[in-house]
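Remarks on the structure that follows.
What's counted below: heavy atoms across the whole structure, side chains too, no hydrogens, waters or symmetry copies.
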Amino acid sequence: RIQTVLDTDITHRLVEILRNGNAKDAAPALRTLGNFATGNEYQTQAVVDAGILEGDVALKLLHSSKKSLRKETCWLLSNIA
């Protein structure tokens, strides 16, 4: 099921949501990307390829004032590691 959604190339849009800094949409985007990253190695790679580790996207989220965003970011990154 993960692959069906990934085939829509939504990962890039989700990373773009995170890059734009809209706190309201960040938690669902992080959760979705984290779920994708729990898939097989290709599905995890799709999250990386979407740019989650590029620039300061993840770093900004790790420094968020919202504990829930920091927690979701750590979970996402742990799924990539």
Side-chain angles (χ1 to χ4, degrees):
R1 294 197 272 175
I2 290 174
Q3 191 59 49
T4 302
V5 177
L6 285 175
D7 288 342
T8 68
D9 200 33
I10 193 155
T11 52
H12 286 91
R13 177 66 185 121
L14 293 170
V15 171
E16 195 59 38
I17 289 169
L18 297 175
R19 190 172 279 124
N20 290 335
N22 184 345
K24 177 183 154 208
D25 298 328
L30 280 168
R31 175 59 62 159
T32 302
L33 289 167
N35 285 333
F36 292 163
T38 65
N40 64 38
E41 65 185 280
Y42 301 105
Q43 294 163 339
T44 302
Q45 187 62 47
V47 174
V48 173
D49 291 345
I52 192 65
L53 301 176
E54 294 174 7
D56 59 356
V57 177
L59 188 59
K60 280 185 179 179
L61 292 165
L62 287 172
H63 287 92
S64 171
S65 62
K66 294 187 174 223
K67 181 180 178 182
S68 61
L69 290 182
R70 294 191 311 268
K71 181 179 175 181
E72 290 291 336
T73 303
C74 287
W75 179 71
L76 166 60
L77 294 174
S78 74
N79 288 331
I80 292 172

Looking only at heavy atoms, which two atoms of Ile80 and Ala37 are closest? And how far apart?
CG1-CB, 4.2 Å
Between Val48 and Tyr42, is there shared hydrophobic-cluster membership here, with clusters defined by ILVMFWY side-chain heavy atoms closer than 4.5 Å?
no
Interatomic distance, CG@Leu69 vs SG@Cys74, rounded to 0.5 Å, equals 11.0 Å
Charged N to carboxylate O under 4.0 angstrom, Arg19 versus Glu16?
yes
Distance-only donor-acceptor pairs under 3.5 Å for side chains of residues 52-65, two or more places apart:
from: His63; atom 1: ND1; to: Leu59; atom 2: O; distance (Å): 2.9
from: Ser64; atom 1: OG; to: Lys66; atom 2: N; distance (Å): 3.0

How long is the span from the CD atom in Glu72 to the OG1 atom in Thr32, to the nearest 0.5 Å?
9.5 Å
Only one of Ile2, Leu76, Asn79 passes side chain to side chain contact (heavy atoms under 4.5 Å, CB included) with Phe36; say which it is.
Ile2
Does NZ or CZ of Arg70 fall inside the cone over Trp75's six-membered ring, less than 6.0 Å from its centre and within 45° of the axis?
no
More than 12 heavy atoms of other residues, nucleotides or ligands under 6.0 Å from CG of Leu77: is that the case?
yes
Between Leu33 and Leu18, is a side-chain contact (heavy atoms from CB on, under 4.5 Å) present by the stated rule, with each step listed?
CA-CA 10 Å; Leu33 289 167; Leu18 297 175; 3.7 Å; yes
Smallest heavy-atom separation, His12 atom then Asp49 atom, equals NE2-O, 3.6 Å
